[in-house]
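Have a look at the structure below before the remarks.
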Amino acid sequence: MARPKKPVNYVEELQKIEMQITRHKSSIKELEVQRKKLLEEKKSKEMGMLYEAIQTSGKTVKEVLSTLGT
């Protein structure tokens, strides 16, 4: 014999879903912060590499910029 279906408690189910949404939104915010931090670190490292390359070349920043056409 088939078991009768348990009645759905809509209020409880909606609360569970709301909690999941809140948790996921929080996770997304944390990931966005991590992404921003990582992009800033990458930019800083690349700027350092660029500066070192300019220093090694013996040219000034203005000379390099004019070579690049900016």
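In this chain, residues are counted from 1 in sequence order.
The other members of the hydrophobic cluster of Tyr10, by chain and number, are Val8 (side-chain heavy atoms under 4.5 Å, ILVMFWY only). The hydrophobic cluster around Ile17 extends to Ile21, counting ILVMFWY residues whose side-chain heavy atoms fall within less than 4.5 Å of a member.
Residues satisfying the salt bridge (Lys or Arg N to Asp or Glu O under 4.0 Å) criterion with Lys16, sequence neighbours excluded, are Glu13. With sequence neighbours left out, Glu63 forms a side-chain contact (heavy atoms from CB on, under 4.5 Å) with Lys59, Thr60.
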Donor-acceptor pairs under 3.5 angstrom involving side-chain atoms of residues 27-52: please list them, not counting sequence neighbours.
{"unit_1": "Ser27", "atom_1": "OG", "unit_2": "Arg23", "atom_2": "O", "d": "3.2"}
{"unit_1": "Tyr51", "atom_1": "OH", "unit_2": "Gln55", "atom_2": "NE2", "d": "3.2"}

